[in-house]
Amino acid sequence: MAKGALPGFRDFYPQELAERAYLLRTWRDVARRFAFVEYDGPPLEPLELYTRKSGEEIVGQLYNFVDKGGREVALRPEMTPTFARMVADKANALRKPVRWFSVPQLFRYERQQKGRLREHFQLNVDLVGESDVTADAELLAVAVEIVRALGLTQNDVRARVSDRRLLRALLGALGVPEGQAPAVFGVIDKIERQPLEISREKLAALGLGQAAVDAIVGLTGRVSLERLRADYGTVPDVAERLADLERYFGYLRALGVGEWVDLDLKIVRGLAYYTGIVFELFDAHGEFRAICGGGRYDTLLESLGGVDLPALGFGMGDVVLGELLRKRGLMHAERSAADYWVAYSDPAQLGQAMELAGALRRGGASVEYALKAQQLGRQLKAAAAAGVPEAVIVREDHALILKSLASGEERTVRLREGRLV
RNA sequence: GUGACUGUAGCUCAAUCGGUCAGAGCACCGGACUGUGGCUCCGGGGGUUGCGGGUUCAAGUCCCGUCAGUCACCCCA
């Protein structure tokens, strides 16, 4: 259509806003259940905050401009740099572990497509100051409990988990030079999205022998900790990581989310800064993009904020999650209708109706009534159309009738201290 | 940024081979049902067919451009 919101931006009409509110409320509720506390930062940041982490090429994907003070600025495309700065600035004063979450609106200048707009809301949950896998388990449990709270089941959503350090150790055991590891990660990251032969050719082009290529492809298939231990358990680095992962999965089971999680070494996450366990949540039908992604980034706070603290976190956007919920018929909305509709039998009673509405409103209820005097029938029709559950009818004899618009039941009530009794 | 496909009222769609084809349903507003609603009936507002240009006697229907949308690639912080 000719006029409307900018490409990739959304107008939230009351219905859509109610759905968004439902989603964000669930995020906050669950994060708080895990004792995370909310924070926020500025939506506009120095451009340098992002180029320092991701290089100049990131600028092409940012909403950036020069402000009137001559500063290079950008709308935040992600929350992590802001988070890192905030934590680093007060690192010594913060009780560890730091358990913070935020629900920022993020922006990126990219061509939109399904599940990707130029603006979205993203839950960010981060945990700083604990290097053990107990923290990794806690973090993934937050993500899983959120989708559970939204009505999804382990048959709808799967958490796929990998460990970059394990993968690195495995590659080392296969004789892949340390310097080649990132390139191999790149191939593994794409292995699901391109023909296997192409992936094999790319690995061979890195100088890997046939046996190593076969082994790597094998790792990206169905694997289990038992199988890995049997095949590579004699390698000290690998054995150490496997022991950690076994504890990790044990903790996930203890937290009640074990049934949602699969070990899948194909999960690399594009970001270069992940250092340990990484995970993504997908719909089980593979129809949508990743719902959520995150992992451990133990060196990022050091490089961004100069504070050497282990950290991990994940981001979960509202777009893909919303698409999935709608598809499954699970998208709910915060109720937006008023609590009461005050109606009156005689048009001359408009003033009395307004007095009643005023009293109820001061008592905490939301109340609507017909702004122009009209027949009672029309008022009730409007009340029903507005989705209001109950109407209060002011009769000509001044009696108040509370009528359920769903069942039609009526009972006489009285106003007492702003409430109907 | 590259490529493919699509673009008719708020929504879902219709309009034979280009020729009164700019319509329907839903939604919205109003009226009737004469003063307790969601049914029914009647009526109304709303589109220069995304926009611009071209071909033609004639274009929503063909061609080009542009904008927008969808999908894939890129990227995914």
Side-chain angles (χ1 to χ4, degrees), chain A residues 1-11 13 15-16 45 47 49-64 74-84 104 106-118 120 122 124 186 189-190 193-194 198 268-274 280 287-295 297 300 304 313-315 317 319-320 323 341-349 370 372-396 399-410:
Chain A
M1 292 302 147
K3 281 187 175 180
L6 285 168
F9 285 77
R10 298 170 285 179
D11 286 328
Y13 287 84
Q15 175 62 32
E16 284 93 55
E45 290 277 22
L47 179 63
L49 184 65
Y50 305 111
T51 55
R52 187 176 39 181
K53 174 182 159 198
S54 310
E56 290 298 328
E57 60 276 11
I58 192 75
V59 176
Q61 294 166 43
L62 297 182
Y63 264 99
N64 67 298
L75 289 171
R76 59 186 175 194
E78 59 167 326
M79 200 58 182
T80 304
T82 300
F83 172 75
L106 304 178
F107 307 85
R108 55 194 167 195
Y109 196 87
E110 284 189 304
R111 192 145 164 189
Q112 66 166 323
Q113 51 187 285
K114 188 179 184 187
R116 299 183 67 177
L117 304 175
R118 287 183 168 180
H120 72 141
Q122 186 186 73
N124 275 251
D189 188 32
K190 286 191 170 34
R193 300 193 291 273
Q194 62 189 7
I198 302 291
V268 173
R269 304 283 300 149
L271 309 188
Y273 61 71
Y274 285 114
E280 295 185 348
E287 186 181 350
F288 301 93
R289 291 168 181 280
I291 296 166
C292 160
Y297 50 90
L300 189 67
L304 281 183
F314 73 79
V319 180
V320 175
E323 287 172 353
W341 185 288
V342 174
Y344 38 93
S345 302
D346 182 346
Q349 291 180 296
K372 61 181 176 187
Q374 54 189 189
Q375 293 176 352
L376 184 55
R378 190 157 292 284
Q379 295 177 57
L380 292 172
K381 189 178 213 167
V388 177
E390 294 179 303
V392 186
I393 301 167
V394 181
R395 284 201 325 212
E396 289 176 311
L400 302 182
I401 307 297
L402 183 63
K403 179 186 181 72
S404 164
L405 289 168
S407 67
E409 276 180 54
E410 296 184 358

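Since the model is a prediction, treat every value here as computed from it, not as a measurement. Each chain gets a letter, A, B and so on, in the order its sequence line appears, and its residues count up from 1.
- Counting distance only, with no hydrogens placed and no angle test, the side-chain atoms of A:Arg108 and the base atoms of B:C75 include no donor-acceptor pair under 3.5 Å.
- The CD-P distance, from A:Gln61 to B:C73, rounds to 15 Å in whole Å.
- Residues forming a ring pair (Phe, Tyr, Trp, His ring centres under 6.0 Å) with A:Tyr297 (at least two apart in sequence, or on another chain): A:Tyr273.
- Across all strands, A:Leu62 comes closer than 4.0 Å to base atoms (heavy-atom distances).
- Among the atoms of the strands shown, none is found under 4.0 Å from any heavy atom of A:Arg76.
- The 5' end of RNA chain B is approached more closely, in terms of each residue's nearest nucleotide, by A:Arg111 than by the other of A:Glu323 and A:Arg111.
- For the C1' atom pair drawn from B:C29 and B:A72, the interatomic distance equals 45 Å after rounding to whole Å.
- Evaluation of the ring pair (Phe, Tyr, Trp, His ring centres under 6.0 Å) rule for A:Phe9 yields A:Tyr63 as partners, not counting sequence neighbours.
- For the salt bridge (charged side-chain N to carboxylate O under 4.0 Å, His left out) test, residues two or more places apart in sequence or in another chain that qualify with A:Glu45 are A:Arg85.
- Comparing the C1' positions of B:C39 and B:C21 gives an interatomic distance of 34 Å, to the nearest angstrom.
- Taking the P atom of each, B:A14 and B:C76 are spaced 41 Å apart, rounded to whole Å.
- To the nearest 0.5 Å, atoms CD (A:Gln194) and CG (A:Asp189) are separated by 10.0 Å.
- Here the separation of B:C73 from B:C17, taken at their C1' atoms, is 39 Å to the nearest Å.
- When the C1' atom of B:A68 is taken as reference, atom CD of A:Gln113 falls 16 Å away, rounded to whole Å.
- The list of side-chain hydrogen bond (donor to acceptor under 3.5 Å, both in side chains) pairs with a residue in residues 399-408 of chain A, not counting sequence neighbours, reads A:Lys403-A:Glu410, A:Ser404-A:Ser407.
- With sequence neighbours excluded, no residue forms a side chain to side chain donor-acceptor pair (under 3.5 Å) with A:Glu323.
- Only the C1' atoms considered, B:A4 is 24 Å distant from B:U49, to the nearest whole Å.
- Atom-to-atom, CZ of A:Phe9 to C1' of B:A68 comes out at 15 Å; the value is rounded to the nearest Å.
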Seminar exercise, completed: With sugar-phosphate taken as primed atoms, P, OP1 and OP2 and all else as base, the protein-contact string of nucleotides 34-47 of chain B at under 4.0 Å (heavy atoms; B, S, -) is -BBBB---------
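- Atom CD of A:Gln15 and atom C1' of B:G10 are 15 Å apart (whole Å).
- Between A:Pro81 and A:Gly8, it is A:Gly8 whose nearest contact on RNA chain B lies nearer the 5' terminus.
- Separating the C1' atom of B:C33 from that of B:C42 is a span of 11 Å, rounded to the nearest Å.
- Distance alone, capped at 3.5 Å, is enough to place a donor-acceptor pair between the A:Gln379 side chain and the A:Gln374 backbone.
- Among B:A72, B:G30, B:C76, the nucleotide with an atom closest to any side-chain atom of A:Lys372 is B:G30.
- Separating the CD atom of A:Gln374 from the P atom of B:C33 is a distance of 16 Å, rounded to the nearest angstrom.
- Distance CG (A:Asp11) to C1' (B:G69): 15 Å, rounded to an integer number of Å.
- Taking atom CZ of residue A:Phe288 and atom P of nucleotide B:A72, one finds them 12 Å apart after rounding to whole Å.
- Helical stems of RNA chain B (runs of at least 3 Watson-Crick or G-U pairs, donor-acceptor distances under 3.5 Å) are listed by first residue: B:1-7 with B:67-73, B:10-13 with B:23-26, B:28-32 with B:40-44, B:50-54 with B:62-66.
- Remark: the separation of the P atoms in B:C75 and B:G18 is 45 Å, to the nearest Å.
- When the C1' atom is used for both B:G10 and B:G47, the distance is 11 Å, rounded to whole Å.
- Without hydrogens or angle criteria, A:Arg76 side chain to A:Pro104 main chain gives no donor-acceptor distance under 3.5 Å.
- In the set B:C76, B:C71, B:G69, the nucleotide with an atom closest to the side chain of A:Pro7 is B:G69.
- In summary, the side chains of A:Arg289 and A:Gln113 do present a donor paired with an acceptor at a separation below 3.5 Å, with no hydrogens or angles considered.
- Partners of A:Arg116 according to the salt bridge (charged side-chain N to carboxylate O under 4.0 Å, His left out) rule, which considers only residues two or more places apart in sequence or in another chain, are A:Glu110.
- Of the side-chain N and O atoms in A:Lys190, none sit less than 4.0 angstrom from OP1 or OP2 of B:C76.
- Partners of A:Glu287 under the side chain to side chain donor-acceptor pair (under 3.5 Å) rule, at least two apart in sequence or in another chain, are A:Lys327.
- As rounded to whole Å, 9 Å separates atom C1' of B:U70 from atom CD of A:Gln112.
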